[in-house]
There are 2 protein chains.
Amino acid sequence: MDAQLKRGLLDLCVLAAIKDEDSYGYKIIKDLKPYAELSESTLYTILKRLEAAEMLTVRTAEHDGRLRKYYHITAEGLQRIEEFRLDWEEMLKIHRFVTKEDKDL
Amino acid sequence: MDAQLKRGLLDLCVLAAIKDEDSYGYKIIKDLKPYAELSESTLYTILKRLEAAEMLTVRTAEHDGRLRKYYHITAEGLQRIEEFRLDWEEMLKIHRFVTKEDKDL
DNA sequence: TGTAATACATCGTAACACGAGGTATTACCT
DNA sequence: AGGTAATACCTCGTGTTACGATGTATTACA
């Protein structure tokens with residue numbers, strides 16, 4: 001999929017991936033694979049950004065002697081998802097405009 | 001609307017705006033206003049980019065003693081719109097993933 | 001022994017949207 | 001005549017972002 005079209009959508013995907021249950025980097029990438037492929041460098045950039053925006057919080061925990069950073073969505077993160085529903089309406093309009101067969105019909 | 005979500009969509013909007021009839025900068029902005037607001041600096045960047053990608057051609061014509069640059073879509077430009085239909089399917093999947101109420105339902 | 005998987009991270013780059021600013025003409029109002 | 005809005009084009013710099021390349025370290029398995 002076109003990289004530009006993915007922009008902005010990836011933040012939402014990551015938020016959705018931790019929405020119902022805390023998750024960690026590696027798992028997020030695997031969970032998102034059916035919907036959007038993203039590299040590790042992209043994901044960690046996004047996680048940092050979302051943390052700075054207070055849309056998620058981080059907690060470090062040990063799992064099988066290995067450290068994992070678990071990400072937890074905040075109220076702001078949930079609100080961002082809600083706002084996306086409105087943005088989606090506008091994107092639908094754009095989609096209709098772009099893909100309609102003929103302007104005169 | 002979120003600037004990042006618009007990314008990539010704007011190119012498509014511009015192509016759609018000249019799809020059925022050649023158009024020029026100022027008119028494109030006005031035609032797109034109901035769907036996506038974009039500044040002149042953004043538009044001219046996009047037009048240059050699409051011209052370089054051979055998705056449109058340019059022709060200068062005089063109108064009421066004033067020069068206008070008319071943009072005409074090419075076969076590549078039309079194909080780009082067709083490819084968007086496929087990209088949209090993936091975006092729909094992402095939308096469903098992000099906005100579904102609960103993972104377990 | 002090596003290689004894949006797990007798990008984290010940084011750096012540099014290219015693409016992109018946009019604000020700020022610039023030039024020039026036409027049209028309208030007072 | 002003077003001012004302002006609309007039309008019509010353009011450039012430059014900046015901040016955001018996705019991603020490839022690269023690095024570190026552990027566990028699991030052939």
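- Checking the phosphate oxygens (OP1, OP2) of C:dT10, a side-chain nitrogen or oxygen of A:Lys48 falls inside 4.0 Å.
- In summary, of the residues considered (A:Leu43, A:Leu15, A:Ile46), a side chain to side chain contact (heavy atoms under 4.5 Å, CB included) with A:Leu10 occurs for A:Ile46 alone.
- Shown are B:Lys69, B:Arg59, B:Arg68, B:Lys27; of these, the salt bridge (Lys or Arg N to Asp or Glu O under 4.0 Å) with B:Asp22 is made only by B:Arg59.
- The residue among A:Asp11 and B:His63 whose nearest nucleotide of DNA chain D lies closer to the 5′ end is B:His63.
- The distance between atom CZ of A:Arg7 and atom C1' of D:dG15, rounded to the nearest whole Å, is 11 Å.
- Using a 4.0 Å heavy-atom criterion, one finds that A:Arg68 contacts the sugar-phosphate atoms exclusively.
- Atoms CZ (A:Arg59) and C1' (C:dC8) sit 16 Å apart, rounded to a whole Å.
- Within the 4.0 Å cut-off from OP1 or OP2 of C:dA5, not a single side-chain nitrogen or oxygen of A:Tyr26 is found.
- In this model, the phosphate group of C:dC16 is approached by a side-chain N or O of B:Arg49 to a distance below 4.0 Å at OP1 or OP2.
- With 3.5 Å as the limit, one finds a donor-acceptor pair spanning the side chains of B:Thr42 and B:Ser39.
- Side chain of B:Lys19 to main chain of A:Glu101: a donor-acceptor pair is present (N/O by atom type, distance under 3.5 Å, no hydrogens or angles).
- A sub-4.0 Å separation between OP1 or OP2 of D:dT11 and a side-chain N or O of B:Tyr44 is absent.
- Taking atom CD1 of residue B:Ile29 and atom P of nucleotide D:dC10, one finds them 11 Å apart after rounding to whole Å.
- D:dC10 atom P lies 10 Å from atom CG of B:Leu67, rounded to whole Å.
- Within the nucleic acid shown, A:Lys30 comes within 4.0 Å of sugar-phosphate atoms alone, with no base atom in reach, counting heavy atoms only.
- Of the residues in residues 35-43 of chain A, those placing a heavy atom less than 4.0 Å from an atom of DNA chain D are A:Ser39, A:Ser41, A:Thr42, in numerical order.
- Counting only distance, with no hydrogens or angles, the side chain of B:Thr74 and the backbone of B:Glu54 share a donor-acceptor pair below 3.5 Å.
- The aromatic rings of B:Tyr70 and B:Tyr24 sit perpendicular to each other, their planes meeting at more than 60°, with 30° as the lower class boundary.
- In the interface, the side chain of A:Arg66 is not paired with the base of D:dA25 through any donor and acceptor atom under 3.5 Å apart.
- Straight-line distance from the CG atom of A:Leu47 to the P atom of C:dA9: 8 Å, rounded to whole Å.
- When rounded to the nearest whole Å, the span between CD1 of B:Ile46 and P of C:dA15 equals 15 Å.
- Atom NZ of B:Lys6 and atom C1' of C:dA15 are 16 Å apart (whole Å).
- Side-chain contact check for A:His72 versus A:Leu56: every heavy-atom pair is 4.5 Å or farther apart.
- At whole-Å resolution of the value, CG in A:Leu10 and P in C:dC16 are 16 Å apart.
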